[in-house]
Amino acid sequence: MIKKNKVYIIAEAGVNHNGSLSKALKLIEIAKKCGADAVKFQLFDKDEQISKIAPSAPYQKEKTKKKNMLQMASTYDFSWKDHIKLKKKCDKIKIDYMASCFDSKSVDFYLDKIKGKVMKIASSEIDNLRLLKYINKRCNKVILSTGMANLEEIKKAVKTLKNVKFLTILQCTSVYPASINELNLNVIKTLKKMFKLPVGFSDHSLRNTAAILSVGAGCKVIEKHFTINKNLKGPDHSMSLNPKELLLYIKNLRDCEKILGDEKKLPTKNESNLIKYSRRGLFASKDINKKEVIKKEHINYKRPASFMSIIEEKNLIGKKAKFSIKEGSALKKNMFIK
């Protein structure tokens, strides 16, 4: 999943399908067209997850006008069987299908029926050790989001997932949307140092800047909400990227990868072509007589470096000229007696 010099970009569809299969399929097409590596949905049983007295979060209440969380969840409830169709669509157009799972039954369905490869643990479940223990038994590849968590909670979650072979931790601020002073990307350094695991960023901000900076900080996974239309009803649409914004977002991240390159310091192909013009070569600083022994005072450095580079000066000192050389001449190896 994670490659050394490539960021794995997850287009987070989440519940932005509003319970519609056709919208969910459209979201997959948009994610693929925009260049995402994966498109992610949510697998949950609303009645298992939410009590009848659970109030909607303030941002959810504002966007959906639903005071009760269970009522709100009913507006985007989605048949699990339809996720099989989503997976087939993803396979057909060659984009990874992914889902956040919120209980043991959804984990089983994801792994056994859908044949999902990477399990996502949402920030809300980081302290749900019952779920984490079950995922630890069943999953090899897991992405753990850390919104609302402190380091001790993250430590406990990572310890619980000790049998997971490939674990990635995402820095996340679970505010919708998150303001720039809440993102705290320097935590990425802390997570990398403390856990010695791949680290990524679940981006809930409204700009592209944070994601670009996170790639510069070494993040290998980026997750971002997107939607068909920001004006659709639902809790996450307004803070999600529309298709044009997602396309630009992913382009910015791919540009960032190119800008960062690798850790090897070597001249690029274009730089190599310029060396002979930009660097200095060896030239005669005065007339040199035939068979005269070459000394430092016979040589100066001038552009271009087309014939003998200045690093060859030490090999030239002490040799004799084959013939007379005029002042200002570019020095060449065939001018001297070996």
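All values derive from a computational prediction rather than experimental measurement.
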Do we get K87 above Y97's six-membered ring, with its NZ or CZ under 6.0 Å from the centre and within 45° of the axis? no
Ring-face cation of K332 near F307 (centre distance under 6.0 Å, axis angle within 45°): yes
For a quick check under 3.5 Å, do [X] and [Y] share a side-chain donor-acceptor pair by atom type?
{"X": "N16", "Y": "S240", "value": "yes"}
{"X": "H298", "Y": "E292", "value": "yes"}
{"X": "D203", "Y": "S205", "value": "yes"}
{"X": "N18", "Y": "S20", "value": "no"}
{"X": "K40", "Y": "S100", "value": "yes"}
{"X": "H237", "Y": "T227", "value": "yes"}

Kindly determine whether D112 and R138 satisfy side-chain contact (heavy atoms from CB on, under 4.5 Å), including the steps that lead there. CA-CA 10 Å; D112 300 332; R138 294 230 53 198; 3.0 Å; yes
Classify the ring geometry between F78 and H17 as parallel (under 30°), tilted (30 to 60°) or perpendicular (over 60°). tilted
Partner of E245 under salt bridge (Lys or Arg N to Asp or Glu O under 4.0 Å), chosen from K230, R207, K251: K230
All heavy atoms of K89 vs all of I28, minimum pair found to be CG-CG2, 3.9 Å
Where is the tightest heavy-atom contact between M148 and S174, given as atom of each residue plus distance? CG-CB, 3.7 Å
Carefully, step by step, assess R254 and K6 under the rule side-chain contact (heavy atoms from CB on, under 4.5 Å). CA-CA 8 Å; R254 296 303 181 210; K6 189 175 186 296; 3.2 Å; yes
Pair L282, L316 - check side-chain contact (heavy atoms from CB on, under 4.5 Å), show working. CA-CA 10 Å; L282 303 182; L316 199 55; 4.0 Å; yes
Any chance you could lay out the side-chain contact (heavy atoms from CB on, under 4.5 Å) test for I294 and F336, step after step, and finish with the verdict? CA-CA 9 Å; I294 304 302; F336 306 96; 3.7 Å; yes
With the threshold set at 4.0 Å, does a side-chain nitrogen-carboxylate oxygen contact exist between D108 and K113? no
Determine whether I212 and D255 make a side-chain contact, defined as any pair of heavy atoms from C-beta on separated by less than 4.5 Å. no
